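Because only heavy atoms are used, hydrogens play no part in the values below, and waters and symmetry mates are left out as well, while side chains stay in. These figures come from a predicted structure and were not determined experimentally.
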Amino acid sequence: MDLDQIANIAEISAAALVIVSLIYVAIQIKQNTKATQLSTTQAFIDTFSKVIVHIVVDKEFRDIYWRGLKGLSNLHGSETAAFAAFFMHTFRAWESYYFQSQAGALDDRLWGGFKVQLCDVFGYPGVREIWSARHHQLSEEFREFVENEIAGAESKPLYVFQEAQT
């Protein structure tokens with residue numbers, strides 16, 4: 001075997017090692033992306049749970065929430081502020097979910113559920129009133145998404161068992 005043949009074998013071996021290295025890096029990136037997505041998903045679930053627990057735990061706010069869904073005219077003074085603050089916090093959470101979904105960090109299946117929930121919440125007069133009064137505080141892209149895909153979409157009541165009675 002002469003020097004040229006050894007050089008060719010070394011060159012082919014180096015090229016093969018580069019290909020193997022690239023495949024390894026691609027696998028690592030894919031695994032890291034999946035781990036990041038799962039971590040992001042869990043963080044969003046935790047954030048949304050903290051929003052919802054406020055309704056469950058705080059009886060006084062639960063009453064404000066219930067009346068506020070039907071329209072802001074059912075609230076007085078600081079109740080309106082509490083309801084508005086709650087929904088602005090909730091809209092901010094949905095805005096974050098939207099952007100994370102667009103970036104591929106939030107699983108589309110999970111985002112689909114959040115999107116349906118946003119649509120259902122948007123069916124309540126009080127929520128639409130808060131949106132109308134405060135949507136300018138949210139990003140233009142999210143506002144366009146809500147106006148184009150959520151505001152006119154079919155919604156279903158969130159609380160089907162008691163809604164007709166109260």
Side-chain angles (χ1 to χ4, degrees), residues 26 28-166:
Q28 291 299 308
I29 289 171
K30 186 175 182 177
Q31 288 175 343
N32 185 51
T33 300
K34 187 65 175 173
T36 300
Q37 189 179 49
L38 290 172
S39 177
T40 301
T41 297
Q42 188 58 50
F44 286 126
I45 295 298
D46 292 345
T47 298
F48 207 74
S49 294
K50 289 176 185 174
V51 170
I52 297 304
V53 78
H54 190 59
I55 300 168
V56 175
V57 173
D58 187 340
K59 184 178 179 349
E60 184 178 335
F61 181 75
R62 189 169 49 241
D63 180 58
I64 291 168
Y65 174 83
W66 192 253
R67 287 183 288 123
L69 288 177
K70 296 174 186 172
L72 297 183
S73 63
N74 296 307
L75 302 175
H76 307 287
S78 64
E79 293 176 339
T80 305
F83 186 78
F86 174 83
F87 268 101
M88 283 310 298
H89 178 73
T90 305
F91 287 144
R92 283 267 181 228
W94 271 310
E95 180 181 42
S96 178
Y97 304 157
Y98 169 77
F99 283 117
Q100 293 300 324
S101 173
Q102 297 301 300
L106 183 63
D107 188 301
D108 288 340
R109 295 167 296 181
L110 186 62
W111 167 241
F114 282 128
K115 187 176 168 182
V116 168
Q117 189 178 36
L118 174 57
C119 185
D120 290 348
V121 164
F122 222 80
Y124 290 93
V127 175
R128 288 191 306 269
E129 289 176 83
I130 294 298
W131 177 262
S132 293
R134 296 285 181 251
H135 70 278
H136 64 278
Q137 296 175 357
L138 300 159
S139 69
E140 183 177 347
E141 185 177 340
F142 182 67
R143 290 192 318 258
E144 287 176 7
F145 162 74
V146 171
E147 296 296 334
N148 293 331
E149 294 190 37
I150 302 298
E154 179 184 349
S155 65
K156 296 181 180 179
L158 292 174
Y159 312 102
V160 295
F161 302 110
Q162 296 291 324
E163 235 166 318
Q165 297 173 4
T166 56

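A donor-acceptor pair is defined here as one N or O able to donate and one able to accept, closer than 3.5 Å; no such pair exists between the side chain of D120 and the backbone of P157. Listed for the H89 side chain is no donor-acceptor partner under 3.5 Å among the backbone atoms of A85. Listed for the R128 side chain is a donor-acceptor partner under 3.5 Å among the backbone atoms of G123.
The minimum heavy-atom distance linking I55 with F61 is given by the pair CG1-CE2, 4.1 Å. Shown here for D108 and S101, the closest heavy-atom pair between the two residues is OD1-OG, 3.9 Å. In this structure, A153 and C119 approach most closely via the heavy-atom pair CB-SG, 3.4 Å. Scanning both residues, G71 and E129, for their nearest heavy atoms gives CA-OE2, 3.2 Å.
A side-chain donor from one of W131 and E147 sits under 3.5 Å from a side-chain acceptor of the other.
In this view, D63 and R67 satisfy the salt bridge (charged side-chain N to carboxylate O under 4.0 Å, His left out) rule, not counting sequence neighbours. With sequence neighbours left out, the side chain to side chain contact (heavy atoms under 4.5 Å, CB included) criterion links E95 to R92, F99, L138, S139, F142. Residues passing the side chain to side chain contact (heavy atoms under 4.5 Å, CB included) test with S96 are F44, Q100, sequence neighbours excluded. Every residue two or more places apart in sequence or in another chain that forms a side chain to side chain contact (heavy atoms under 4.5 Å, CB included) with Q31 is listed here: I27, Q28. Residues that satisfy the salt bridge (charged side-chain N to carboxylate O under 4.0 Å, His left out) test with E149, not counting sequence neighbours, are K115. For T90, the side chain to side chain contact (heavy atoms under 4.5 Å, CB included) test picks out F48, V51, F86, F87, W94, with sequence neighbours left out.
For E144, the CD atom counts as densely surrounded, since its 6.0 Å shell holds more than 12 non-hydrogen atoms of other residues, nucleotides or ligands.
Y98 is not listed as a side-chain neighbour of V146, based on a closest heavy-atom distance of 4.5 Å or more.
Distance check: R134 CZ to H136 NE2 gives 6.0 Å after rounding to the nearest 0.5 Å. S78 OG to I64 CD1: the interatomic distance, rounded to the nearest 0.5 Å, is 6.5 Å. Remark: T80 OG1 to L72 CG distance equals 6.0 Å, nearest 0.5 Å. Interatomic distance, OH of Y65 versus CG of D58, reported as 13.5 Å (0.5 Å rounding).
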List the steps, then state whether side chain to side chain contact (heavy atoms under 4.5 Å, CB included) holds for L118 with F91.
CA-CA 9 Å; L118 174 57; F91 287 144; 4.2 Å; yes

